[in-house]
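Take a look at the structure set out below.
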Amino acid sequence: MTALLELRDVEARYGPVQVLRGVSLEVPEGSVVAVLGANGAGKTTTLRAISNTVRRSGELLFAGEPLGHRGPEAIARLGVAHVPEGRGTFAELTVWENLRLGAYTRPGSSLRSDPGRVLSYFPWLEDRRNQEAGTLSGGEQQMLALARAFVQRPRLLMLDEPSLGLAPVLVTEIFRIIRELNEQEGLTVLVVEQNAHLALQLAQTAYVLEVGRVALSGPSEELAAHESVRRSYLGY
C-alpha cells in the first residue's frame, strides 16, 4: 500500500528537552497504525510533531508532499484530523455547534451537507444536539470529539489515547466506531494508545516507542507474540 504519511528521522523537543530522537514510521493509506509505549516514550509528541504543535525537525511527508513549516491549520486543511488526549471539546458550546466547527476546514461546506452520514455512526447526537458539550459524560465527550473530526472528512485521523479514563463498555464502543470508519469509509487512522490489547487488535501495523526512539515495529500479530511486548504491555 502507498504511504499516506511518512516520518523520517523526526526529532522534537520542548525547550532544551529532546523527546523524539530520530523517529521514522509509515502509515499506509487505508490502514490503521498504532503507536505503543510507556508514559514519556514520545507517543503524544509524535502526533504533535505531525500537527506541528511542537518544535521539530526531520522529514515529514503527507501524500508525498513535505509538511515543512506548515502551521496546524494548514495541516488540518490538507486532511489531517487530530483528536488530542483529553477530548478537546468546547464545553460551553452545544453538541451541534461543536460538530459545525469540524466542517470549518472544508471550504464552502457545512454540517448541513451530511448530517445523515454523521448520525449513522453517532445516532445519539441527534437527541443531544442542543446540549452543552461540558455536560456530557467523559465517554460522550470522547465520541463527540471523534464525530467532530469525522465531520472534517479527513484523509488521516490521529487519535491520542482514546480509551483514557473511560469505562470498558465505552472503550469497546469507541473502538468499534473507529474500526467501522476504517473499514466502511476507508479512513486512515494513526492511534496512540496505552491499552496495547485494544491497539493491536485494531491496527494492522504497530510501532513501539522507548525513550523517543522506535524500539520495535511490524505487523500487529507479530508484535503481539513478541516476548518483550507481551511482558511490558500485554501482561503475560
Side-chain angles (χ1 to χ4, degrees), residues 30-35 43-44 47 51 72-73 76-77 79-204:
S31 71
V32 179
V33 173
V35 179
K43 305 186 304 298
T44 291
L47 299 189
S51 291
E73 183 174 343
R77 290 185 183 280
V80 179
H82 186 174
V83 180
E85 181 183 330
R87 289 38 146 185
T89 55
F90 293 90
E92 68 281 359
L93 299 182
T94 68
V95 165
W96 215 249
E97 287 169 338
N98 268 273
L99 290 177
R100 288 174 60 192
L101 287 174
Y104 88 97
T105 59
R106 294 160 44 189
S109 298
S110 72
L111 190 57
R112 296 176 183 175
S113 62
D114 56 1
R117 180 169 173 264
V118 177
L119 294 175
S120 67
Y121 292 99
F122 308 92
W124 62 274
L125 292 173
E126 178 64 29
D127 293 333
R128 304 290 190 91
R129 61 185 299 155
N130 295 318
Q131 184 173 337
E132 288 188 2
T135 64
L136 299 175
S137 70
E140 289 169 338
Q141 289 187 44
Q142 183 65 286
M143 283 192 276
L144 174 58
L146 179 58
R148 189 179 65 194
F150 178 56
V151 168
Q152 187 180 325
R153 292 195 180 185
R155 294 183 66 183
L156 173 66
L157 174 64
M158 301 197 303
L159 302 168
D160 192 357
E161 302 283 9
S163 74
L164 186 66
L166 301 183
V169 64
L170 290 173
V171 172
T172 299
E173 176 67 7
I174 286 172
F175 273 72
R176 181 191 64 78
I177 293 171
I178 295 169
R179 185 183 299 278
E180 285 189 1
L181 292 175
N182 170 251
E183 294 178 348
Q184 298 180 18
E185 302 281 339
L187 181 61
T188 306
V189 181
L190 177 60
V191 57
V192 160
E193 180 57 60
Q194 280 200 347
N195 189 324
H197 285 282
L198 282 174
L200 292 174
Q201 289 173 5
L202 176 70
Q204 293 87 41

Review point. What distance do Gln141 atom CD and Leu170 atom CG have between them, rounded to the nearest 0.5 Å?
Key: 12.0 Å
Check your understanding: Hey, mind stepping through Val32 and Ile178 against side-chain contact (heavy atoms from CB on, under 4.5 Å) and telling me if it holds?
Key -> CA-CA 9 Å; Val32 179; Ile178 295 169; 5.5 Å; no
Practice item. Supply the atom-to-atom distance Ser31 OG to Gln204 CD, rounded to the nearest 0.5 angstrom. Key: 5.5 Å
Check your understanding: Are any side-chain N or O atoms of Glu161 and backbone N or O atoms of Gln194, one a donor and one an acceptor, separated by less than 3.5 Å?
Key -> yes
Practice item. In plain terms, say whether Arg176 and Glu173 are close enough for a salt bridge, that is, a side-chain N and a carboxylate O under 4.0 Å apart. Key: yes
Check your understanding: How far apart are the C-alpha atoms of Leu146 and Ile177, what are their side-chain angles, what is the distance that settles it, and do they pass the side-chain contact (heavy atoms from CB on, under 4.5 Å) test?
Key -> CA-CA 9 Å; Leu146 179 58; Ile177 293 171; 4.0 Å; yes
Review point. Nearest heavy-atom pair of Gly139 and Ile174: which atoms, and what distance?
Key: O-CD1, 4.3 Å
Point to revise | Straight-line distance of Ser120 OG to Glu185 CD, nearest 0.5 Å | key: 7.0 Å
Review point. Is the backbone of Phe90 close enough, under 3.5 Å, to the side chain of Asn98 for a donor and an acceptor to pair up by distance?
Key: yes
Revision key, fill the gap. The reported gap from CD in Glu132 to CD in Glu97 (rounded to nearest 0.5 angstrom) is 9.0 Å
Exercise for review: Check the pair Leu144 / Leu99 against side-chain contact (heavy atoms from CB on, under 4.5 Å), numbers first and verdict last.
Suggested key: CA-CA 8 Å; Leu144 174 58; Leu99 290 177; 3.8 Å; yes
Review point. Arg179 and Leu202: which non-hydrogen atoms are nearest, and at how many Å?
Key: NH2-CA, 3.6 Å
Check your understanding: Where is the tightest heavy-atom contact between Val80 and Gln152, given as atom of each residue plus distance?
Key -> O-NE2, 3.2 Å
Point to revise | From CZ (Phe175) to CG (Leu159), nearest 0.5 Å | key: 8.0 Å
Point to revise | Minimum-distance pair of heavy atoms, taken over all atoms of Pro162 and Glu193 | key: CD-OE1, 3.2 Å
**Study point:** Aromatic plane relationship, Tyr121 with Phe150 - under 30° parallel, 30 to 60° tilted, over 60° perpendicular
**Key:** perpendicular
**Study point:** Side-chain donor or acceptor of Glu85 paired with backbone N/O of Asp160 under 3.5 Å
**Key:** no
Check your understanding: Quick one: are Leu181 and Val189 in side-chain contact, heavy atoms under 4.5 Å?
Key -> no
**Study point:** Gly30 backbone acceptor or donor facing Asn182 side chain under 3.5 Å
**Key:** yes
Check your understanding: Taking all atoms of both residues into account, what is the closest heavy-atom pair of Leu125 and Ala147, and its distance?
Key -> CD1-CB, 3.8 Å
**Study point:** Nearest heavy atoms of Pro154 and Ala149, plus distance in Å
**Key:** CD-O, 3.2 Å
**Study point:** Spatial distance of atom OG1 (Thr188) from atom CE (Met158) [nearest 0.5 Å]
**Key:** 12.5 Å
Check your understanding: With a 4.5 Å limit on heavy-atom distance, are the side chains of Leu136 and Thr89 in contact?
Key -> no
